[in-house]
Protein chains: 2
Amino acid sequence: MTETPKPTPSELKILKFLWQNGPSTVRDVHEGIGVQVGHSYTTTLKQMQIMRDKGLLARDDSQRAHVFQPTVGEEPTQRAMLDDFMQRVYEGSASQLVMQALGISRPASAAELEEIDRLVQRLREESRGGTGR
Amino acid sequence: MTETPKPTPSELKILKFLWQNGPSTVRDVHEGIGVQVGHSYTTTLKQMQIMRDKGLLARDDSQRAHVFQPTVGEEPTQRAMLDDFMQRVYEGSASQLVMQALGISRPASAAELEEIDRLVQRLREESRGGTGR
DNA sequence: CCCCAAATACGAAAGAGTTCGTCAATCGCG
DNA sequence: CGCGATTGACGAACTCTTTCGTATTTGGGG
């Protein structure tokens with residue numbers, strides 16, 4: 001009964017839009033992300049119908065233009081995808097993934113590094129004394 | 001001209017075997033990873049032929065049983081996959097990915113956390129003074 | 001030398017994901 | 001009321017991935 005949705009790349013784009021903009025019509029989503037990549041309206045529509053079939057989206061059809069929203073939260077979805085990715089690529093080793101992620105590009109600002117630092121310190125505290133949950 | 005191979009899941013399994021075991025025959029790979037998932041020999045063979053067509057593997061056919069090896073290193077491949085994943089799921093934010101990875105499961109041992117800590121400290125030093133490479 | 005087992009080549013089929021065209025329903029404006 | 005534009009339903013085509021069956025080649029033991 002594990003609810004672990006693993007959206008495809010284009011499904012993820014739509015989910016991201018809905019997470020950010022709240023319940024939206026197909027038109028909204030299409031204008032938001034479909035137009036600039038040159039998709040036709042029906043492409044976006046079909047995609048969202050499929051996602052509804054899969055249970056990724058819920059639909060309110062009380063209006064002529066149906067309103068869609070995700071049935072899954074952003075964070076659980078990211079976690080599930082990350083978990084799968086970590087398993088496939090890093091044999092499940094979070095630390096190896098983290099090390100490589102921190103070496104990549106230059107996105108981590110001072111504030112972000114500080115935040116990461118706090119988290120690491122907290123985890124080290126826990127690992128020192130605690131049972132590890 | 002960016003060489004960024006993005007292997008599929010089953011391609012990655014084969015690459016992992018070859019990275020770990022060095023140049024191998026189809027038989028080797030099949031015994032190593034194909035058998036226990038119930039694949040037939042030709043499945044492994046075909047997969048490796050395709051990977052060679054894609055340029056992921058090189059082949060030495062001086063022996064009757066051809067010997068394959070990866071044309072790509074493990075780390076660059078992981079980096080490329082991680083970069084893509086980070087882009088798709090976290091809008092390119094390494095710190096967000098790291099935060100979530102550290103929150104996942106309980107894989108980070110004290111030693112690993114310490115190693116991460118050292119890296120974070122080093123990055124903070126650099127970010128304090130440097131241009132960020 | 002001949003045959004069998006091992007190996008490779010090749011085509012095909014099934015499944016998933018993505019994109020689009022056509023058709024039907026419906027709402028609102030003139 | 002009727003027509004045009006908007007919307008939704010649906011099927012189909014195309015690509016990519018994965019899996020396998022069959023055919024062909026080849027090397028070594030009897």
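Here is how names work: the chains are called A, B, and so on, in the same order as the sequence lines, proteins then strands, and each is numbered from 1.
Among C:dT19, C:dA9, D:dA9, the nucleotide with an atom closest to any side-chain atom of A:Q47 is C:dT19. Checking D:dT7, D:dT18, D:dC20 against the side-chain heavy atoms of A:Y41 singles out D:dT7 as nearest. Candidate nucleotides C:dC20, D:dT22, D:dG8 were compared by shortest atom distance to the side chain of A:T43, and C:dC20 ranks first. You'll find that the side chain of A:H39 is closest to C:dC20, out of D:dG8, C:dA9, C:dC20. Here the side chain of A:I50 is nearest to one of D:dC20, C:dA7, C:dT18, namely C:dT18. For B:R59, whose side chain is taken as the heavy atoms from C-beta onward, the closest listed nucleotide among C:dA9, D:dT7, D:dT17 is C:dA9. Side-chain proximity of B:R64 to C:dT19, C:dA6, D:dT22: nearest is C:dA6.
Side-chain atoms of A:T77 come within 3.5 Å of backbone atoms of A:G73 as a donor-acceptor pair (strictly under, hydrogens ignored). Although no hydrogens or angles enter the test, the distance criterion places a donor-acceptor pair under 3.5 Å between the side chain of B:S93 and the main chain of B:Q96.
Judged by closest nucleotide on DNA chain D, A:H66 is the one of A:H66 and A:K46 placed further toward the 5' end. Ranked by how close their nearest DNA chain D nucleotide is to the 5' end, A:Q49 and B:E11 are led by A:Q49.
In summary, the side chains of A:D60 and A:Q69 do not present any donor paired with an acceptor at a separation below 3.5 Å, with no hydrogens or angles considered. No side-chain N or O of A:S24 forms a donor-acceptor pair with one of A:N21 less than 3.5 Å apart. Side-chain atoms of B:Q121 and B:D117 form a donor-acceptor pair, as typed in the model, at a separation below 3.5 Å.
Spacing between atom CG of A:L45 and atom P of C:dC20 amounts to 13 Å, rounded to whole angstrom units. With rounding to whole Å, B:R27 atom CZ is found 17 Å from D:dG27 atom P. Atom pair A:R52:CZ and D:dG8:P shows a separation of 11 Å (rounding to whole Å applied). Rounded to an integer number of Å, the gap from CG of B:L12 to P of D:dT18 is 10 Å. The distance from atom CG of B:D53 to atom P of C:dG11 is 12 Å, rounded to the nearest whole Å. Rounded to whole Å, the distance from CD on A:Q63 to C1' on C:dT26 is 14 Å. One interatomic measurement links the two molecules: CD1 of B:I33 to P of D:dT18, which rounds to 12 Å at whole-angstrom precision. When the P atom of D:dC10 is taken as reference, atom CE of A:M48 falls 17 Å away, rounded to whole Å.
Nucleic acid contact for A:K13: none, since no nucleic acid atom lies under 4.0 Å from a heavy atom of the residue. Among the atoms of the strands shown, only primed sugar atoms or phosphate atoms (P, OP1, OP2) are found under 4.0 Å from some heavy atom of A:S10.
Regarding contacts with the backbone of D:dT19, every side-chain N or O of B:S40 stays at 4.0 angstrom or more from both OP1 and OP2. Distances shorter than 4.0 Å separate none of the side-chain N or O atoms of A:T42 from OP1 or OP2 on C:dG21. An OP1 or OP2 oxygen of D:dT18 is reached within less than 4.0 angstrom by a side-chain nitrogen or oxygen of B:T8.
The aromatic rings of A:F85 and B:F85 lie parallel to each other, their planes meeting at an angle below 30°, with 60° marking the opposite boundary.
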